[in-house]
There are 2 protein chains.
Amino acid sequence: MPTALEKARQAPDSMKARILSAARKLFGEYGYHGVTTRMIAQEVGIDISTLHYHWGEKQDLYEAVLTDLSDEIHAKLIEIEGLVHGKPLEVRLEVAIDVMCDHLFGNPDSAHLMLFSHFSKNRITSELDAHISRHLANIAVAMGLASDKAHVPPQANARVLAVWNSVINFAAGEDLFRPILDLDRPAYLSVVKETLKFILLPAFTRQASREK
Amino acid sequence: MPTALEKARQAPDSMKARILSAARKLFGEYGYHGVTTRMIAQEVGIDISTLHYHWGEKQDLYEAVLTDLSDEIHAKLIEIEGLVHGKPLEVRLEVAIDVMCDHLFGNPDSAHLMLFSHFSKNRITSELDAHISRHLANIAVAMGLASDKAHVPPQANARVLAVWNSVINFAAGEDLFRPILDLDRPAYLSVVKETLKFILLPAFTRQASREK
DNA sequence: AATTGATTCCATCATTTGATGGATAACCAA
DNA sequence: TTGGTTATCCATCAAATGATGGAATCAATT
């Protein structure tokens, strides 16, 4: 028996999918407590009871949104791993930054959701957490910070986390940062990529040359 | 006539100060919408009406918390500017990271509040925003990224923002990241500092040597 | 057309939440 | 003491919110 989330994916025009999409947008903008079920229903243009009919309780819907996000990020990381496979470290880092930035700038709600999910005290522990741990080791090895997936030192994981967070921050913080930097959207995206590379490349390539 | 915030500061044991402190703690943990006035009142051990008597509406209290935080960060940045004045760039960066990390790890609510304040879509524009713009230029010049406070290129501001965000992230994300890295508190703080320096020092010192 | 199951909306409920009025108590100056 | 100001709590309200039951509608199958 397929779950509600699987049903929504199979039929992107279905009511389940439309509700999930609206919920994702609003939860991403205002956070869990900042969104009411009525707001989501209104966004879709339906009654609240229809929403409950498809997704049950508010929290269940939120968890579905997080699961959906988790799978999306998971797929993106897999894609990046494929893209950078066998390339030299500098290229790997550049590609990873470019692809991740493009994705999150194209889906700012994803970036916001990750922030909310990561930093809420009353965190609803979700599959996102599991994915983070799972991928950290892979990325650390791919970035040349560790040679064995099973034994990644905390320093290496911390470095990957720093990169990861920087990308999310610039994507999720566009509303605040872009006016401060006084740039239009394309320029902001470009400056962010350049900044991340400026900051990260020297550190990681130095690390790589040390290990040679 | 002193404002409520000034009164609270003048008398740290006063009811106004106790409410402000509890509000700051809870808003920092759960965000604006995740906190009810009753939660704050219960934290202090008083009735809700007493809370309203001292601070008026919930949003007024929240803005007072943000103003308080803004002043605290402002003072910390002034302190850092004094500490690093005249020192070489590497030392400036190291000291800034150490002092900012120590402060935010000692006051995790501050880090959380800044995150909430920065990344909420329904941002309550506060003095924090003004402070960010004001300090960015100063820090950029202090870090050797620009020679003139009045004309800091967006790239330089973006680099300062990246550093700034990294510190806040590691402080606010301790609950999530520390279990992932499997470290105790002192070790986590130490790894974070080491990571930030590892990532940031090469980039900024390369920049400085270029400009010589 | 009739049956059946899935879907949608209307009306409504119980709780929670922000906020207020009024009574009471504490403090303090004259 | 007295008078007035300040501070605190109790009771309560109106609105918002999550959630549900049931009637009505739609779609597919026979």
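Numbers restart at 1 for each chain; the letters A, B, ... are given by sequence-line order, proteins then strands. Worth knowing before you read on, the calculation uses all heavy atoms, side chains too, and leaves out hydrogens, waters and symmetry mates.
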[N] OP1/OP2 closer than 4.0 Å to side-chain N/O of [X]:
X       : N      : answer
B:Tyr53 : D:dA7  : yes
B:His33 : C:dT17 : no
A:Thr50 : C:dT7  : no
A:His52 : C:dT8  : no
B:Thr37 : C:dG18 : yes

Once you round it to whole Å, what is the distance between [atom2] of [N] and [atom1] of [X]?
X       : N      : atom1 : atom2 : result
B:Asp47 : C:dA23 : CG    : P     : 17 Å
A:Asp60 : D:dG18 : CG    : C1'   : 12 Å
A:Lys16 : C:dT8  : NZ    : P     : 9 Å
A:Lys58 : D:dT20 : NZ    : P     : 15 Å
B:Trp55 : D:dA7  : CH2   : C1'   : 16 Å
A:Leu51 : D:dT17 : CG    : P     : 14 Å
B:His54 : D:dC9  : NE2   : C1'   : 12 Å
A:Lys7  : C:dT7  : NZ    : C1'   : 12 Å

What's [X] touching, base or sugar-phosphate or nothing? Going by heavy atoms closer than 4.0 Å.
X       : answer
B:Val35 : sugar-phosphate
B:Thr36 : sugar-phosphate
B:Ile48 : base

A:Tyr32 and A:Leu66: CA distance, side-chain angles, deciding distance, side-chain contact (heavy atoms from CB on, under 4.5 Å) verdict: CA-CA 11 Å; A:Tyr32 181 76; A:Leu66 287 191; over 6 Å; no
Whether B:Lys58 side chain and B:Val35 backbone form a donor-acceptor pair below 3.5 Å: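 The answer is yes, because a donor-acceptor pair under 3.5 Å joins these two groups.
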Earlier contact from the 5' end, DNA chain C, for A:Gly45 and B:Glu57: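 Whichever sits nearer the 5' end wins; that is A:Gly45.
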Closest-nucleotide ordering on DNA chain C, the 5'-leading residue of A:Arg38 and A:Ile46: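 Comparing both residues, the 5'-ward one is A:Ile46.
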Options C:dA19, D:dT8, D:dA19, nucleotide nearest the side-chain atoms of B:Met15: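 Minimum distance to the B:Met15 side chain belongs to D:dT8.
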Pairs touching residues 137-146 of chain B that satisfy salt bridge (charged side-chain N to carboxylate O under 4.0 Å, His left out), sequence neighbours left out: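 Non-adjacent pairs meeting salt bridge (charged side-chain N to carboxylate O under 4.0 Å, His left out): zero.
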Donor on one side chain, acceptor on other, A:Ser110 and A:Glu72, under 3.5 Å: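 There is such a pair between these side chains.
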Sub-6.0 Å ring centroid separation between A:Phe27 and A:Phe116: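 No.
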